Amino acid sequence: MMSGSPGSRWTVLLPVKPFALGKSRLGSWAGAARRDIARAIFLDTMDAILHTPEVCRLIVVTADPEAHALAAGAGAEGIHEASVGGLNAAARLGAAAAAAAAAGHGAGVRTDPVAVVAADLPALKPRELASVLAEAGPHPRAVLADHRGHGSTVLTAQDPSFLLPGFEGASRARHAANGAYEIAHSGVPGARLDVDVPGDLALAAALGLGTHTAAVQANLPQ
Ligand SMILES: Nc1nc2c(ncn2[C@@H]2O[C@H](COP(=O)(O)OP(=O)(O)OP(=O)(O)O)[C@@H](O)[C@H]2O)c(=O)[nH]1
Ligand SMILES: C=C(OP(=O)(O)O)C(=O)O
């Protein structure tokens, strides 16, 4: 749980859409439970990040008061998003806060690297995130492709001022074209498995869901 040890140096930005709006593509299958699924997936993603020793700071960026309360209860920080302006705008808000914190420490103080992590990774394991961050570390910017190879689930930057988020659509190619090093895909399936459609949840279940998502999923049509 965010040890603050000498090896823990990453700031993770975790943007999440209000639970009542997010994961709309699960709606026709999950019905009234869609909100519960969105919340559970966020909680499992956040738990995995908080149990990653290399992470010293977690900033949740959201317009949802419930997500803020859950983040605070878990020991994370929150940044309020005044309007739901998309993932890139939320990532930029978080990166600006991380950059401001670094500036506040004065000249010559090392800037901690930042990683934006998608909040829809219910099979993410701390050892996977640790491995992704270790590989990303030497590169100015780095990207992890999602399980389809089309989108991105993690984007990192050594300097938060140069995160340059280009999520949405074919974001893996966009991030790579914009200079981000492509992180190797082997051994981190949970870090790549963003849940967009019902079939993704079955794929995530095969990898091992976090406890919150597993509990909600048990009451849904299989
Ligand atoms: N803070 C914030 N997070 C966002 C926003 N849009 C998307 N996200 C988050 O970015 C991640 C990837 O987004 P999507 O896959 O589009 O997720 P989603 O919008 O919940 O799903 P759909 O409604 O099915 O498109 C998810 O963890 C979302 O919660 C936004 O406007 N603000
Ligand atoms: C926002 C993105 O993903 P999704 O496919 O989950 O919408 C993305 O991969 O850039």
Side-chain angles (χ1 to χ4, degrees), residues 12-31 33-49 58-68 70-71 76-98 114-124 129 132 141-156 163-178 180 182-183 185 190-201 203-204 210 212-213 216:
V12 169
L13 310 173
L14 187 65
V16 68
K17 233 187 217 184
F19 303 137
L21 303 176
K23 295 296 131 217
S24 57
R25 285 168 279 178
L26 299 182
S28 57
W29 166 75
R34 183 188 52 75
R35 195 177 187 289
D36 296 339
I37 279 276
R39 184 197 297 107
I41 290 174
F42 162 74
L43 284 170
D44 284 331
T45 309
M46 182 167 68
D47 274 1
I49 296 166
L58 174 60
I59 302 177
V60 173
V61 185
T62 186
D64 188 333
E66 185 184 4
H68 274 289
L70 292 168
E77 297 167 53
I79 291 186
H80 181 67
E81 198 184 1
S83 62
V84 183
L87 174 54
N88 293 315
R92 283 192 293 269
L93 263 183
V114 290
V116 187
V117 175
D120 54 5
L121 306 175
L124 176 66
L129 183 56
V132 166
R141 292 170 64 249
V143 62
L144 180 68
D146 72 5
H147 66 118
R148 295 203 164 79
H150 185 70
S152 319
T153 58
V154 180
L155 178 70
T156 71
L163 182 63
L164 309 177
F167 289 93
E168 289 163 16
S171 65
R172 174 240 186 121
R174 188 179 306 119
H175 284 134
N178 202 9
E182 291 211 53
I183 295 165
H185 303 152
R192 300 183 63 202
L193 219 155
D194 55 334
V195 170
D196 289 329
V197 294
D200 294 336
L201 204 51
L203 294 174
H212 298 94
T213 310
V216 177

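When a ligand or atom number is given, it counts from 1 through the structure's own listing order. Remember, it's a predicted structure, so these values are computed and weren't measured experimentally.
- Of the listed residues (Val195, Asp120, Asp194, Leu155), the one carrying the non-hydrogen atom nearest atom 3 (O) of ligand 2 is Asp194.
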task: Applying side chain to side chain contact (heavy atoms under 4.5 Å, CB included), run through Asp47 and Leu43 and close with a yes or a no.
output: CA-CA 6 Å; Asp47 274 1; Leu43 284 170; 5.5 Å; no
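- Comment: Arg172 engages Glu182 in a salt bridge, judged by a side-chain N to carboxylate O separation of less than 4.0 angstrom.
- Polar contact check, Val84 against ligand 1: no nitrogen or oxygen pair lies under 3.5 Å apart.
- Side chain of Asp146 to main chain of His150: a donor-acceptor pair is present (N/O by atom type, distance under 3.5 Å, no hydrogens or angles).
- Close N/O approach between Val16 and ligand 1 is found [any backbone or side-chain N/O within under 3.5 Å].
- Atom 27 (O) of ligand 1 has its closest protein heavy atom at Ala119 N, 3.1 Å.
- Here the protein heavy atom with the shortest distance to atom 31 (O) of ligand 1 is Gly86 N, 2.7 Å.
- The single protein non-hydrogen atom nearest to atom 28 (C) of ligand 1 is Lys17 N, 4.0 Å, given as residue, atom name and distance.
- Using a cutoff of 4.0 Å between basic side-chain nitrogens and carboxylate oxygens, Arg148 and Asp200 are scored as salt-bridged.
- Among Pro18, Gly151, Ser24, the residue whose heavy atom lies nearest to atom 22 (P) of ligand 1 is Ser24.
- Under 4.0 angstrom from ligand 1, there are no non-hydrogen atoms of Glu168.
- Remark: ligand 1 and Lys23 share an N or O pair separated by less than 3.5 Å (distance only, no angle test).
- Atom 9 (C) of ligand 1 has Pro15 O, 3.8 Å as its closest protein atom, hydrogens excluded (heavy atom only).
- At least one donor-acceptor pair under 3.5 Å links the side chain of Asp44 to the backbone N or O of Thr213.
- Those atoms of ligand 2 with a heavy atom of Gly151 less than 4.0 angstrom away are 9 (O).
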- request: Please report the C-alpha distance between Thr62 and His68 in whole Å, then the side-chain angles of each, then the deciding distance to 0.1 Å, and finally whether the side chain to side chain contact (heavy atoms under 4.5 Å, CB included) criterion is met.
  value: CA-CA 7 Å; Thr62 186; His68 274 289; 3.5 Å; yes
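- If you check which protein heavy atom lies closest to atom 8 (C) of ligand 2, you get Ser171 OG, 3.3 Å.
- For the pair Thr153 (side chain) and Ala191 (backbone), a donor-acceptor distance under 3.5 Å is present.
- The single protein non-hydrogen atom nearest to atom 15 (O) of ligand 1 is Asp196 OD1, 3.2 Å, given as residue, atom name and distance.
- Nearest-residue assignment for atom 5 (O) of ligand 2 (options Asn88, Asp200, Val197, Asp196; heavy-atom criterion): Asp196.
- For atom 13 (O) of ligand 1, no protein non-hydrogen atom is found at a distance below 4.0 Å.
- Counting heavy atoms under 4.0 Å from ligand 1, residue Val61 touches it through the backbone alone.
- For Arg25, every heavy-atom contact with ligand 2 shorter than 4.0 Å involves the side chain, none the backbone.
- In this structure, Arg39 contributes its side chain and Glu66 its backbone to no donor-acceptor pair below 3.5 Å.
- Ring planes of His175 and Phe167: perpendicular class, angle over 60° (limits at 30 and 60°).
- Considering backbone and side-chain N/O atoms, Ser152 comes within less than 3.5 Å of an N/O atom of ligand 2.
- When only non-hydrogen protein atoms are considered, atom 2 (C) of ligand 2 lies nearest to Glu168 N, 3.9 Å.
- Annotation: atom 1 (N) of ligand 1 to nearest protein heavy atom, Glu81 OE1, 2.8 Å.
- In this structure, the side chain of Arg192 does not engage the main chain of Ser152 through any donor-acceptor pair within 3.5 Å.
- For the pair Asp64 (side chain) and Phe19 (backbone), a donor-acceptor distance under 3.5 Å is present.
- Under a 3.5 Å cut-off, the side chain of Lys23 and the backbone N or O of Asp120 do not form any donor-acceptor pair.
- Under 4.0 angstrom from ligand 1, the non-hydrogen atoms of Ala90 all belong to its side chain.
- For the pair Gly22 and ligand 1, the shortest N or O to N or O distance does not fall below 3.5 Å.
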